[in-house]
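Written out below as C-alpha cells is the structure these notes cover.
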There are 2 protein chains.
Amino acid sequence: MARYQVGIQTEARIIEATRSLLAEDGMEATTLKAICDRAEVRSGSFYNLFDSKEDAIIRVVRESIEAVDPDPHHAGTDTVDDLVEAYIRFFDEEPKMARVYVKAALAGDSSANGARRRFLRHHQRRVERFADAMQRGNTSLTPEDGAVQAELLLGALDGLAFRWALDQSFDFPKHALLAAERLV
Amino acid sequence: MARYQVGIQTEARIIEATRSLLAEDGMEATTLKAICDRAEVRSGSFYNLFDSKEDAIIRVVRESIEAVDPDPHHAGTDTVDDLVEAYIRFFDEEPKMARVYVKAALAGDSSANGARRRFLRHHQRRVERFADAMQRGNTSLTPEDGAVQAELLLGALDGLAFRWALDQSFDFPKHALLAAERLV
DNA sequence: ACACAATTTGAGTATACACTCCAAGTTTGG
DNA sequence: CCAAACTTGGAGTGTATACTCAAATTGTGT
C-alpha cells in the first residue's frame with residue numbers, strides 16, 4: 001500500500017524541525033528529544049520514518065547545499081566561478097549549517113563510517129563538477145590534470161572554510177576568491 | 001611547596017596512556033575510563049592532575065606536533081619547504097593523531113570554546129612562521145601579503161588533510177606539494 | 001463498512017559518560 | 001620527626017543519550 005498523507009506530513013515536520021535546530025543552534029543542540037519536541041512527535045514515530053538521527057541530519061544538510069546550487073539540474077553549463085561562488089554563498093548564508101557539514105564529515109567512530117561514506121560520495125561528485133567546469137574553460141586540460149586541479153581547489157576551499165569555522169572573524173570570501181584565482 | 005616526584009610520574013603515565021590510545025584507536029576510544037585503566041590510576045588522581053579530559057588530549061596533540069617540528073627552537077631559519085614537509089610528515093607518521101587534531105578543533109559545543117581557542121592560537125603561530133619563511137624567501141613580499149599567502153597555503157594544507165581524513169587512499173603528500181608550488 | 005497496512009504512542013532499555021568528593025595515605029622541607 | 005602540602009582510591013553522582021517494542025489508533029482503497 002502507498003504511503004499515507006499524514007506520514008508524509010510528519011516526515012516533513014521532522015525535517016523542518018531538524019533543519020531549524022541545526023541552523024539556529026548547531027549540532028550539539030540537535031538531540032533526538034529536541035527534534036521530536038519541535039516536530040510534536042514521539043520518538044517511535046521518528047524511527048518509523050528515519051533509520052537514525054544521522055539519517056535526518058544528512059538529508060537536511062544535503063537539501064541545504066542543493067538550495068544554493070548554481071546548476072541544480074546538472075545541465076553542465078556552470079563555470080568554475082559559479083561553483084566557487086556557490087560554495088562561498090553556502091558559508092555566507094548558512095553558517096551554522098556549514099559548520100554542521102564540516103563536523104558531520106568527521107563525526108561517528110571509525111566503525112560506523114556510514115556518514116563518512118556519504119560525504120565522500122558527495123565530495124567526489126563535486127570534484128567531478130569542478131573538473132568538468134575547468135575543462136570547459138580550458139580545453140587543453142587533460143581529464144587527469146583536471147581532477148587533480150579540482151581536488152586542489154576544493155581542498156583549499158574546505159581548508160579555508162575550516163579556518164572560518166574556527167574563527168568567524170576570518171574573511172572567508174576574500175581568501176576563497178584568491179585561492180580560486182591561483183589554483184585554476 | 002614543590003611538586004612531588006610521584007605525582008610527576010603519574011602525570012607522565014597518564015599522558016602516555018592518552019597518547020597511545022589516541023594513536024592506536026582514535027578519539028572515540030579515548031574515554032576517561034580507558035585512559036585511567038591504561039595508566040593504572042583512578043579518576044580522582046586524574047582530576048588532581050588535569051582539569052579535564054580535553055586538557056590531556058590537547059597536551060598530547062601539541063607534543064605530537066612539536067615532535068615533527070623542523071625548527072623546534074624557533075631559530076627562524078626554516079624555509080617554506082621545510083614547514084610544508086613537516087606538515088606532511090605529521091600526517092604521514094601520525095595519521096590517527098592527525099585525525100584527532102582535526103576533530104578536536106571542531107569538538108565541544110559553542111559555549112565550551114576552550115579547545116577551539118587553543119587551536120586557533122596554535123594556527124596563528126603557524127601562520128606567522130609560514131609568513132616569516134615566505135618573506136625570507138622573497139624579500140619584496142609585504143607583511144600583509146605574506147600573512148594572506150600563509151593563510152592560503154595553510155588553508156589548502158588543512159583542507160587536503162581533511163580530505164585525507166575522510167578517505168585515507170587520497171594521496172595527500174602529492175596534492176600538498178602541488179598546492180605549495182602554486183601558492184607560494 | 002471492512003480489511004489491512006501505515007502510523008502513532010510513550011513508557012522502557014541500556015548504557016555510557018565526564019566529573020566530584022573526601023577520607024586516608026604519602027612525600028617533602030625544615 | 002613533624003606538619004603541611006600533595007596525592008590517591010574508588011564508590012558515587014548526575015545526566016544525557018539514541019533507540020526499541022508491542023499495543024492502540026488511524027488512513028485508505030474497495
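A, B, ... follow the sequence lines: proteins, then strands. Residue 1 opens every chain. Here the structure is a predicted model, which means the values were calculated and not measured.
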What is the distance, rounded to the nearest whole Å, between atom [atom1] of [X] and atom [atom2] of [N]?
| X | N | atom1 | atom2 | answer |
| --- | --- | --- | --- | --- |
| A:D37 | C:dT9 | CG | P | 12 Å |
| B:Q9 | D:dT8 | CD | C1' | 14 Å |
| B:Y4 | C:dT27 | OH | P | 10 Å |
| B:I8 | D:dT8 | CD1 | P | 11 Å |
| A:R42 | C:dT9 | CZ | C1' | 7 Å |
| B:I14 | C:dC19 | CD1 | P | 13 Å |
| A:M27 | D:dT17 | CE | C1' | 14 Å |
| B:I35 | D:dG10 | CD1 | P | 19 Å |

Heavy-atom side-chain contact between B:D158 and A:L160 under 4.5 Å:
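The answer is no, as the side chains (C-beta and beyond) never meet within the 4.5 Å cut-off.
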
Inset, instruction - Look at the side chain of A:T10 and decide which nucleotide, out of C:dT26, C:dT8, C:dT7, has an atom nearest to it. - result: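 That would be C:dT8.
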
Review point. From the list D:dA4, D:dT28, D:dC19, which nucleotide is the closest neighbour of the side chain of A:L32?
Key: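 Of the candidates, D:dC19 comes closest.
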
Ordered by number, residues from residues 43-52 of chain B within less than 4.0 Å of DNA chain C (heavy atoms) are B:S43, B:G44, B:Y47, B:S52

Item to check | Closest-nucleotide 5' rank along DNA chain C - winner of B:K53 and B:V6 | outcome: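 Result of the comparison: B:K53.
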
Of B:K33 and B:Q5, the one whose nearest nucleotide on DNA chain C sits closer to the 5' end is B:K33

Only one of A:V60, A:I35, A:D25 passes side-chain contact (heavy atoms from CB on, under 4.5 Å) with A:T30, and that residue is A:I35

State whether [X] and [Y] are salt-bridged, where the test is any N-O pair (Lys NZ or Arg NE/NH1/NH2 against Asp/Glu carboxylate O) under 4.0 Å.
| X | Y | answer |
| --- | --- | --- |
| A:R38 | A:E24 | yes |
| A:E16 | A:R19 | yes |
| A:D55 | A:R59 | no |

Discussion item. Is the ring pair B:F91/B:F172 parallel, tilted or perpendicular, if the boundaries are 30 and 60 degrees?
Written reply: tilted

- prompt: Counting just side-chain N and O atoms, does B:R3 come under 4.0 Å of either OP1 or OP2 of C:dT28?
  reply: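 Answer no for this pair, as no side-chain N or O of B:R3 is under 4.0 Å from OP1 or OP2.
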
Between the CD1 atom in B:I58 and the CD atom in B:E63, the distance rounded to the nearest 0.5 Å is 12.5 Å

